[in-house]
Amino acid sequence: MSRFPTAAHLASWAGMAPGNHESAGKRLSGRTRKGNKKLRSCLVECARAAARTKNTYLSAKYHRIAKRRGANRASVAVGRTILEMIYYILTRKEPYRELGADYWDRQREARIVRQTVKRLEGLGYEVKLEKTSA
């Protein structure tokens with residue numbers, strides 16, 4: 001792994017980096033580059049398998065992206081995440097830590113609460129919030 005200075009360099013070599021084609025301020029088709037075909041297909045296959053697991057970070061990431069961008073783009077994005085995880089596991093010599101399916105909700109808890117309260121108040125409800133201990 002010392003050949004690649006960062007995980008992004010490795011992802012680019014593998015063909016898992018998103019394309020960036022812009023002209024006159026417009027973002028056009030962002031195809032990924034041609035990289036190592038066997039590694040790329042293996043990562044996409046692993047991403048599709050990870051998407052079928054329950055209560056995992058990778059599954060939650062896949063479903064979050066797939067509903068906005070589609071299944072194929074989500075597979076490439078999760079494949080890149082898997083490759084980056086492998087890079088950091090090998091370079092830092094640390095075990096893998098599962099973040100959990102609710103990782104994104106825990107990161108944005110305040111925003112989710114604020115948006116939900118605002119929507120309910122917009123519908124005419126009076127909202128009182130109390131955090132439970134459980």
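Counting from 1, the numbers follow the sequence of the chain as shown. Values reported hereafter were calculated over all heavy atoms of this structure, with side chains retained and with hydrogens, waters and symmetry mates removed.
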Where Val44 and Ser75 come nearest, the two heavy atoms and their spacing: CG1-CB, 3.9 Å

CZ (Arg119) with more than 12 external heavy atoms under 6.0 Å: no

ILVMFWY cluster, Leu123 and Val127 together (side-chain gap under 4.5 Å): yes

Glu121 CD: over 12 foreign heavy atoms closer than 6.0 Å: yes

Tyr96, OH atom: more than 12 neighbouring heavy atoms under 6.0 Å: yes

Qualifying side-chain hydrogen bond (donor to acceptor under 3.5 Å, both in side chains) pairs, either residue in residues 76-92, two or more places apart: Lys61-Thr81, Arg80-Glu84

Heavy-atom pair with the smallest gap, counting every atom of Ala66 and Ala74: N-CB, 3.6 Å

Atom pair CG/CD of Asp102 and Gln107 - distance to nearest 0.5 Å: 10.0 Å

Whether Trp13 and Phe4 hold their rings parallel, tilted or perpendicular, with breakpoints at 30° and 60°: tilted

Closest heavy-atom pair and its distance - Arg64, Arg68: O-NE, 3.5 Å

Atom pair CD1 (Ile82) and CD (Glu45), whose distance is rounded to the nearest 0.5 Å: 11.0 Å

ILVMFWY cluster, Leu90 and Leu39 together (side-chain gap under 4.5 Å): yes

Pair Val78-Arg48, side-chain contact (heavy atoms from CB on, under 4.5 Å): steps then yes or no: CA-CA 8 Å; Val78 173; Arg48 291 190 189 274; over 6 Å; no

Neighbour count >12 (heavy atoms, 6.0 Å) for atom CZ, Arg69: no

Heavy-atom closest pair, residues Ala101 and Ala60: O-CB, 3.6 Å

Side chain proximity check, Lys38 to Asn36, heavy atoms < 4.5 angstrom: yes

Nearest heavy-atom neighbours spanning Leu83 and Met16: CD2-CG, 4.4 Å

N/O donor-acceptor pair under 3.5 Å between Glu98 side chain and Thr56 backbone: no

Smallest separation among heavy atoms of Ala51 and Ser59, with atom names: O-OG, 3.3 Å

Common cluster, Met1/Leu43, ILVMFWY with side-chain heavy-atom separation under 4.5 Å: yes

Residue Arg97 excluded, over 12 heavy atoms near CZ under 6.0 Å: no

Hphob cluster co-occupancy, Ile89 + Leu58, side-chain heavy atoms under 4.5 angstrom: yes

ILVMFWY network linking Tyr62 to Tyr57, side-chain heavy atoms under 4.5 angstrom: yes

Donor-acceptor side-chain pairing of His9 and Thr6 below 3.5 angstrom: yes

Side-chain heavy-atom pair Gln115, Lys118 within 4.5 angstrom cut-off: no

